There are 2 protein chains.
Amino acid sequence: MQLQAICGAGVAAKSSDDIQLAWANLVRTGTNVMQRVEDDLKRQGFPPVAWYDVLWELDKAPEGVLQQSEVQARVLLAQYNFVRLLDRLERAGLIRRVPCKVDGRSNVLHLTDAGRDLRKGMWPAYDAAIAVHVGSHLSQNEAGVLAGLLSKLLPDRKTLAMRTR
Amino acid sequence: MQLQAICGAGVAAKSSDDIQLAWANLVRTGTNVMQRVEDDLKRQGFPPVAWYDVLWELDKAPEGVLQQSEVQARVLLAQYNFVRLLDRLERAGLIRRVPCKVDGRSNVLHLTDAGRDLRKGMWPAYDAAIAVHVGSHLSQNEAGVLAGLLSKLLPDRKTLAMRTR
DNA sequence: GGCGGTTACATGCAGTTGCATTCATAATTG
DNA sequence: CAATTATGAATGCAACTGCATGTAACCGCC
């Protein structure tokens with residue numbers, strides 16, 4: 001009872017002004033910066049960043065081959081959105097979905113040559129967009145601090161992955 | 001020619017590792033924290049944060065009345081998305097769209113009593129969600145620093161508003 | 001081996017978004 | 001003041017998303 005009073009258990013927590021501003025700026029900045037980067041890519045005829053993410057996961061893997069579920073876990077999209085993203089990537093000839101030999105439920109994703117090329121071709125534009133919309137506003141040091149503070153708001157990998165089911 | 005070589009003019013800028021991490025964390029954290037807050041609200045039967053934003057803008061205004069274009073400029077949604085958000089709000093009886101007497105092109109938005117009540121009723125849940133998903137991970141001071149760093153990435157109001165056309 | 005539960009992936013449907021365009025009314029200007 | 005341009009708002013359509021659910025294959029266990 002004392003304890004409850006002390007730490008406010010059972011009562012909805014209230015956020016301070018600083019917290020609220022951090023929240024507001026986080027959402028605004030997140031969507032805004034994302035938008036601008038996406039726009040830059042689109043203007044140059046490139047697909048969305050989400051495409052890049054998948055291609056990059058595959059490109060990092062040996063042979064450009066990875067379990068579908070593994071990629072899914074890394075890109076943090078809802079399962080049904082991920083499946084349909086793969087539909088688009090496959091239709092565009094960037095990846096192939098191959099039924100897994102060992103586990104009849106799962107697929108193995110293969111990066112095609114076209115996919116590899118696109119990933120590689122996108123990077124300079126992507127990198128430049130990040131430099132313009134993030135880098136140019138922050139010192140090296142500020143970027144590090146920002147990254148650190150942001151990471152404090154992220155749940156760990158496992159929790160993160162669970163949210164996509 | 002010397003100049004070009006020195007400052008890299010004409011060559012796409014490259015971002016450093018710190019910058020890239022800041023970018024990655026910004027996007028991840030932004031969407032993730034937003035998601036969790038939205039989920040909390042939804043679980044309690046409340047509409048999305050975007051609804052709150054509009055209602056709040058109107059509630060702040062004297063009489064709960066504001067030009068549609070003015071609200072539009074503040075909430076930073078694309079024009080067509082904003083219009084349709086208003087469709088939903090109006091259908092839900094939270095606002096009314098009234099043709100403007102002085103300018104035949106524009107509307108004036110009126111917050112209804114139901115709208116005012118909903119806004120007010122949402123806040124505790126919203127505030128609590130912010131406290132949980134942002135506040136509990138940061139000290140007061142960290143929140144201030146984070147807000148400051150994030151604001152450096154935002155373009156000014158005017159530029160921001162232009163992007164929504 | 002067969003039955004309940006779980007995992008991996010897919011899909012139908014309704015709701016939302018992006019894009020291009022339209023409509024009507026101001027504002028500007030030749 | 002008529003013609004042009006600019007502004008505020010809306011909409012048709014295609015694409016995308018969320019949600020619930022479906023299907024098939026695996027896993028554990030009696």
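Chain letters run A, B, ... following the sequence lines, proteins first and then strands; every chain starts at 1. Not measured: the values here are computed from a predicted model.
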Residues in contact with DNA chain C, drawn from residues 83-91 of chain A - heavy-atom cutoff 4.0 Å: A:Val83, A:Arg84
Contact state string [nucleotides 23-28 of chain D, B base, S sugar-phosphate only, - no protein heavy atom under 4.0 Å]: --BS--
With sequence neighbours excluded, residues passing side chain to side chain donor-acceptor pair (under 3.5 Å) with A:Ser16: B:Gln140
By side chain to side chain donor-acceptor pair (under 3.5 Å) - contacts of A:Asp18 (at least two apart): none
Sequence-distant partners of B:Arg88, side-chain contact (heavy atoms from CB on, under 4.5 Å), two or more places apart: B:Trp51, B:Arg84, B:Leu85, B:Arg91
All side chain to side chain donor-acceptor pair (under 3.5 Å) counterparts of A:Lys42, not counting sequence neighbours: none
Quiz: residues 109-116 of chain A side-chain donor-acceptor pairs under 3.5 angstrom, not counting sequence neighbours:
| from | atom 1 | to | atom 2 | distance (Å) |
| --- | --- | --- | --- | --- |
| A:Thr112 | OG1 | A:Gly93 | O | 2.7 |
| A:Thr112 | OG1 | A:Leu94 | O | 2.9 |
| A:Thr112 | OG1 | A:Ala114 | N | 3.4 |
| A:Thr112 | OG1 | A:Gly115 | N | 3.0 |
| A:Arg116 | NH1 | A:Asp59 | OD1 | 3.2 |

Cluster companions of A:Val132 among Ile, Leu, Val, Met, Phe, Trp, Tyr (side-chain spacing under 4.5 Å): none
Residue list, side chain to side chain donor-acceptor pair (under 3.5 Å) with B:Thr29, at least two apart or on another chain: none
ILVMFWY cluster membership beyond A:Val65 - transitive side-chain contacts under 4.5 angstrom: A:Val108
Contacts of B:Glu38 that satisfy salt bridge (Lys or Arg N to Asp or Glu O under 4.0 Å) - sequence neighbours left out: none
Proximity to DNA chain D (any heavy atom under 4.0 Å), residues of residues 44-53 of chain A only: none
